Protein chains: 2
Amino acid sequence: MSFFDPLKKALRKEGLRYTQQRQAVWDELRATDDHRDAEEIYLALRNSGFKVSRATVYRTIDVLVKNNLVRKLKLGDGHARFEHKVDSAHHDHLICAQCGKIEEFVDDVIETRQNKIVEELGSKLIRHIHQLFVICKECQTA
Amino acid sequence: MSFFDPLKKALRKEGLRYTQQRQAVWDELRATDDHRDAEEIYLALRNSGFKVSRATVYRTIDVLVKNNLVRKLKLGDGHARFEHKVDSAHHDHLICAQCGKIEEFVDDVIETRQNKIVEELGSKLIRHIHQLFVICKECQTA
DNA sequence: TATTTTATTGAGATTGAGTCTCAGAAAATA
DNA sequence: TATTTTCTGAGACTCAATCTCAATAAAATA
């Protein structure tokens with residue numbers, strides 16, 4: 001709500017208005033550290049009694065992603081998932097193919113090699129996707 | 001066409017029949033080393049005079065992917081791309097975000113670190129996706 | 001080979017995530 | 001308050017991919 005509120009800052013930058021709906025979507029995204037899809041965010045808001053449309057949820061998330069407040073994850077199951085980036089450094093994901101659990105990982109060696117590969121080709125790295133699909137410890141013993 | 005023909009082998013394994021359509025889709029996939037989507041494969045077949053439906057193209061590709069003859073790539077643009085795996089070792093992809101050009105890379109150090117990360121969590125690696133989105137050399141100077 | 005059985009095919013319907021439209025609502029501005 | 005501009009929501013629409021089911025082709029059998 002402060003002057004440094006990242007939502008308001010992003011909206012100002014984009015020349016967009018501050019609205020109840022946009023605040024609500026942003027609040028809902030920060031409510032958990034899960035990786036939820038747009039429908040889950042939409043339903044969470046509806047179930048909490050807040051009236052909002054799917055269109056607005058999608059539109060708001062787009063703005064948040066564009067302004068680096070939210071990360072969009074495509075894990076190949078046909079619907080994008082989102083995680084807020086508050087207090088969250090860069091990381092990649094490790095997904096259990098059986099139970100769907102998502103863990104995060106970072107590896108400096110990998111990051112360095114990645115940069116080297118790109119550099120040697122004379123290219124400029126924009127972003128990367130690194131996803132490890134596994135059977136997690138629990139699913140193996142179960 | 002031989003006894004070791006990988007298509008026939010895969011079909012046998014799956015308990016499926018050998019048909020002209022399945023042969024044609026497999027032939028078309030091997031015709032280039034590009035990363036084409038289902039529609040491009042479909043159109044290439046139609047343009048060469050072969051009558052086949054989209055449904056059959058999709059269904060056949062599924063069998064080929066399942067049997068490790070074709071690799072399915074999701075690059076985030078909403079339609080999967082495919083590449084045959086004949087004489088092709090494991091590799092990951094580097095995609096120019098501007099011109100769409102796709103290059104391949106492998107890095108043993110990255111592969112090793114990947115395995116280590118998974119191992120330390122007690123998980124078992126099934127598959128991975130590693131995509132580097134870049135601006136390629138040509139697009140930078142252009 | 002002819003016949004029967006079973007799987008495959010194709011045209012088009014359907015699905016589902018995501019986007020678009022546009023009239024009414026809400027916010028900014030005068 | 002009046003006027004202008006942006007935002008919202010309901011539902012239509014898009015598009016890749018999947019499904020349906022009658023017709024067809026392949027395999028099995030006689």
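Since the model is a prediction, treat every value here as computed from it, not as a measurement. As a basis for the values below, the full set of heavy atoms in this structure was taken, side chains included, without hydrogen atoms, waters or symmetry mates. Every chain is numbered from 1 and lettered A, B, ... according to where its sequence line falls, protein lines coming before strand lines.
Atom P of nucleotide C:dA26 and atom CD of A:Gln20 are separated by 11 Å, given to the nearest angstrom. In this structure, the CG atom of A:Asp37 is 9 Å from the C1' atom of C:dA17, given to the nearest Å. When rounded to the nearest whole Å, the span between CG of B:Leu7 and P of C:dT8 equals 12 Å. One can place OH of B:Tyr42 at 13 Å from C1' of C:dT9, the figure rounded to the nearest angstrom. Between the C1' atom of C:dA25 and the NZ atom of A:Lys51 lies a distance of 13 Å, rounded to the nearest Å.
Along DNA chain D, read 5' to 3', the first and last nucleotides having any atom under 4.0 Å from a heavy atom of chain A are D:dT5 to D:dA10.
Evaluation of atom-type donor-acceptor distances gives no pair under 3.5 Å for the side chain of B:Arg22 against the base of C:dT8. No hydrogens or angles were tested; on distance alone, a donor-acceptor pair under 3.5 Å links the side chain of B:Arg59 to the base of C:dG10.
Applying the ring-ring contact (aromatic ring centres under 6.0 Å, His included) rule to pairs touching residues 19-77 of chain A yields A:His35-A:His93, sequence neighbours excluded. For residues 104-133 of chain B, every residue pair satisfying the ring-ring contact (aromatic ring centres under 6.0 Å, His included) rule, not counting sequence neighbours, is listed here: A:His130-B:His130, B:His90-B:His128, B:Phe105-B:His130.
Closest approach of B:Asn68 to B:Lys85, counting heavy atoms only: OD1-NZ, 2.9 Å. Of all heavy-atom pairs between A:His91 and A:Glu83, the closest is NE2-OE2, 3.0 Å. The heavy-atom pair separating A:Asp107 from A:Val109 by the smallest distance is OD1-N, 2.9 Å.
Put simply, the side chain of A:Lys101 does not reach to within 4.5 Å of the side chain of A:Cys139, judged on heavy atoms.
Under the side chain to side chain donor-acceptor pair (under 3.5 Å) criterion, A:Glu39 pairs with A:Arg54, sequence neighbours left out. Applying the side chain to side chain donor-acceptor pair (under 3.5 Å) rule to A:Asp37 yields the partners A:His79; only residues at least two apart in sequence or on another chain are considered.
Each of B:Gln21 and B:Ala55 was matched to the nucleotide of DNA chain D holding its nearest heavy atom; the match closer to the 5' end belongs to B:Ala55.
Listed by residue number, the members of residues 60-77 of chain B with any heavy atom below 4.0 angstrom from DNA chain C form an empty set.
In terms of modelled atom types and a separation under 3.5 Å, the side chain of B:Gln140 and the main chain of A:Gly122 share a donor-acceptor contact.
Between B:Thr19 and the phosphate of C:dT9, there is a side-chain N or O to OP1/OP2 separation shorter than 4.0 Å.
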